[in-house]
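Note on naming: letters A, B, ... go to the chains in the order of the sequence lines (proteins, then strands), and numbering restarts at 1 for each one. The shown structure was predicted, so the numbers you read here are calculated from the model rather than taken from an experiment.
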Number of protein chains: 2
Amino acid sequence: MSIENDLFKLKPIAYTTMADQVENHLREYIIKRSIKPGDPIPKETEIAQSLGVSRNVVREALSRLRMLGMIESRKKRGMILTQPDVMKGLELIIHPTILDEHVRKQLFELRLVLEVGLGDLLFRRKSDEYLKKLDAIVEREQKATTQIERIRCEVDFHATLYDMAGNETLKRFQDILMPVFEYVVEYESKLDHTSVGSVTHADLVKILYADNAEAYPNAMRKHLMPHLDHL
Amino acid sequence: MSIENDLFKLKPIAYTTMADQVENHLREYIIKRSIKPGDPIPKETEIAQSLGVSRNVVREALSRLRMLGMIESRKKRGMILTQPDVMKGLELIIHPTILDEHVRKQLFELRLVLEVGLGDLLFRRKSDEYLKKLDAIVEREQKATTQIERIRCEVDFHATLYDMAGNETLKRFQDILMPVFEYVVEYESKLDHTSVGSVTHADLVKILYADNAEAYPNAMRKHLMPHLDHL
DNA sequence: TTAGCGGAATATGTAATACTTAATGTGAGT
DNA sequence: ACTCACATTAAGTATTACATATTCCGCTAA
């Protein structure tokens, strides 16, 4: 019985339900008519009649779009298109425990790539306020006595970098990915997360103060080297 | 009746439908019981009865999870949990014409960050096969006579870099983002996309051949400088 | 005995109907 | 002209019924 599972793997040929088709129709409708956020979309009953399906099926499709934040609906006003949160879809899927190790590793790699490439946004958007915040975190880290406190500083430091990058979509991306990383750490043979690599947080801050955009990427690479070596 | 007034203040914010609640229940159920891909989940009627809602509502919630690739269902076998495609949710939302300019710009920034930070993956995963492919693209680009052909080479070159990075999630991410970039180009006062920056594609390939990981980030930064300057 | 044929049982997919709820519109009466 | 009650509308929920595909089981026949 255990062999059967493998052999029957190729079977699931694409089977589209009515709800799938209605969903596609709606997407097409929105795009083709270039409907903008705030604009109304047809009533459930109209859609159902127009496509020749039951209202039930239409509601399934609409329910999907509503989950993604693409539409909103009020009791009598009908439904309107909304500006979706781009990262909403990611948020709905990414949960550490349902992602397998392989994918978690790939997301962790993605994070390393982001941190190294972040420099140019930082130098263009940096402000005294954020630099001082980074200073404070570094100081807090140096005075820290417990491992937990040091890890918290590590997280705060990098999170502040993303804040300073001034890109909300990127920040949100990072926030969603963060919980996954905690699980990756397990595989990373218990590195000392506080004093990673030869470049410290203090060194990175110094580079940011100095406006040294050339130095940033390789400094961050060295800072993350233990992780990179683990790839 | 002054109490009612107080109650009415919080009400309009928190309006969740039954389908929303069932969806959350299901997510919780999956996580708490640490159900793995391939494991079965309860029948629609069981869920409906267990939560005291109509089967219809349950189907809306299940329909959402199915769209995200979190579950699959066969006619009699019931439904099973599946390993979702992490980037599926993004794909469902990201369509250039429904995203506003602001978000498109942020995604374009994200792309620049990725390209600069990509180096370490490339050096660890590079192969003669891919390097030769890059060579061919560079050669094709130099022989190109039309602007269209040059832009195609530009796209091919960077796409091949992502291929070579050997991270399918990252590659998929890039593939989803790509269509958005074409719209960003509009704002970018018609740069000459083929000979961007002072560092050419040929230069980048040379660095890859030379195993010069230190040089990569700043070389790519210079290559993308016209875009970066536009931030 | 065994192969295979056919029907029962099961769970999802679809349809139809009715009712609830909230928001909007409308008209009658003071 | 204003208010209040009632009608109207459209989404949310429930119920029922049937279609369809798949598995299971048992029966018959070679």
Side-chain angles (χ1 to χ4, degrees), chain A residues 1-5 7-26 29 38-82, chain B residues 1 4-5 7-26 29 38-82:
Chain A
M1 289 294 259
S2 54
I3 304 167
E4 268 187 13
N5 278 336
L7 291 177
F8 278 63
K9 266 275 170 119
L10 16 146
K11 237 182 106 200
I13 309 169
Y15 166 61
T16 65
T17 64
M18 288 291 135
D20 294 331
Q21 294 176 42
V22 172
E23 185 196 337
N24 290 332
H25 264 93
L26 287 172
Y29 176 88
D39 292 348
I41 58 179
K43 322 300 172 196
E44 292 179 352
T45 50
E46 290 173 17
I47 298 171
Q49 196 163 12
S50 163
L51 298 180
V53 296
S54 82
R55 189 176 151 231
N56 218 323
V57 166
V58 173
R59 279 191 59 82
E60 275 191 33
L62 290 170
S63 180
R64 297 176 180 184
L65 300 184
R66 206 173 310 122
M67 173 182 59
L68 295 175
M70 295 177 66
I71 62 175
E72 270 180 20
S73 42
R74 300 284 156 81
K75 280 276 155 108
K76 164 148 188 184
R77 178 159 186 172
M79 313 185 5
I80 58 170
L81 205 69
T82 55
Chain B
M1 288 305 178
E4 271 189 9
N5 279 336
L7 291 177
F8 270 106
K9 281 179 183 172
L10 3 154
K11 219 179 143 202
I13 315 167
Y15 173 59
T16 62
T17 64
M18 287 292 134
D20 294 331
Q21 295 176 41
V22 173
E23 185 197 336
N24 290 332
H25 263 93
L26 287 171
Y29 176 89
D39 291 349
I41 59 180
K43 320 303 173 194
E44 291 179 353
T45 49
E46 288 174 16
I47 298 170
Q49 197 164 13
S50 162
L51 298 180
V53 296
S54 83
R55 188 174 152 231
N56 217 322
V57 167
V58 173
R59 279 190 61 80
E60 277 191 32
L62 290 170
S63 181
R64 298 175 180 183
L65 300 184
R66 207 175 308 121
M67 173 182 60
L68 295 174
M70 293 177 68
I71 61 174
E72 270 181 20
S73 42
R74 302 284 158 78
K75 279 282 156 100
K76 162 146 188 184
R77 177 157 188 174
M79 313 183 8
I80 57 170
L81 203 70
T82 55

- Query: Quick one: does L65(A)'s side chain get under 4.5 Å of M67(B)'s, heavy atoms only?
  - Reply: no
Write down the distance between [atom1] ([X]) and [atom2] ([N]), rounded to a whole number of angstrom.
{"X": "Q21(B)", "N": "dT13(D)", "atom1": "CD", "atom2": "P", "result": "8 Å"}
{"X": "D20(A)", "N": "dT12(C)", "atom1": "CG", "atom2": "P", "result": "16 Å"}
{"X": "I80(A)", "N": "dA23(C)", "atom1": "CD1", "atom2": "C1'", "result": "14 Å"}
{"X": "N56(B)", "N": "dA17(D)", "atom1": "CG", "atom2": "P", "result": "16 Å"}
{"X": "E72(A)", "N": "dA23(C)", "atom1": "CD", "atom2": "P", "result": "14 Å"}

- Summary of salt bridge (charged side-chain N to carboxylate O under 4.0 Å, His left out) pairs that have at least one residue in residues 48-58 of chain A, sequence neighbours excluded: E44(A)-R55(A)
- What does nucleotides 4-11 of chain D look like as a protein-contact string, B for base, S for sugar-phosphate only, - for none, at under 4.0 angstrom between heavy atoms? ----BBBB
- Results of side chain to side chain donor-acceptor pair (under 3.5 Å) for Q49(B) - residues two or more places apart only: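 None.
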- Partner residues of R77(A) under the side chain to side chain donor-acceptor pair (under 3.5 Å) criterion, sequence neighbours left out: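 For R77(A), no residue satisfies side chain to side chain donor-acceptor pair (under 3.5 Å) once neighbours in sequence are set aside.
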- Nearest heavy atoms of V58(B) and A48(B), plus distance in Å: CG2-CA, 3.6 Å
- Message: Tell me the closest heavy-atom pair linking R64(A) and S63(B), and the distance in Å.
- Response: NE-OG, 2.6 Å
- Would a distance-only check, ignoring hydrogens and angles, find a side-chain to backbone donor-acceptor pair under 3.5 Å from N24(A) to Q21(A)?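 Between the backbone of Q21(A) and the side chain of N24(A) there is no qualifying donor-acceptor contact (under 3.5 Å).
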- Message: Please enumerate all residues that pass side-chain contact (heavy atoms from CB on, under 4.5 Å) together with E46(B), with sequence neighbours excluded.
- Response: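 For E46(B) the side-chain contact (heavy atoms from CB on, under 4.5 Å) partners, ignoring immediate neighbours, are P42(B), K43(B).
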- Query: Does a nitrogen or oxygen in the side chain of S54(B) sit under 4.0 Å from OP1 or OP2 of dA14(D)?
  - Reply: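 Checking S54(B) against dA14(D): at least one side-chain N or O falls below 4.0 Å of OP1 or OP2.
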- To the nearest 10°, let me know how far the axis at one end of the helix from dT1(C)-dA30(D) to dT30(C)-dA1(D) is tilted from the axis at the other, five pairs an end. 20°
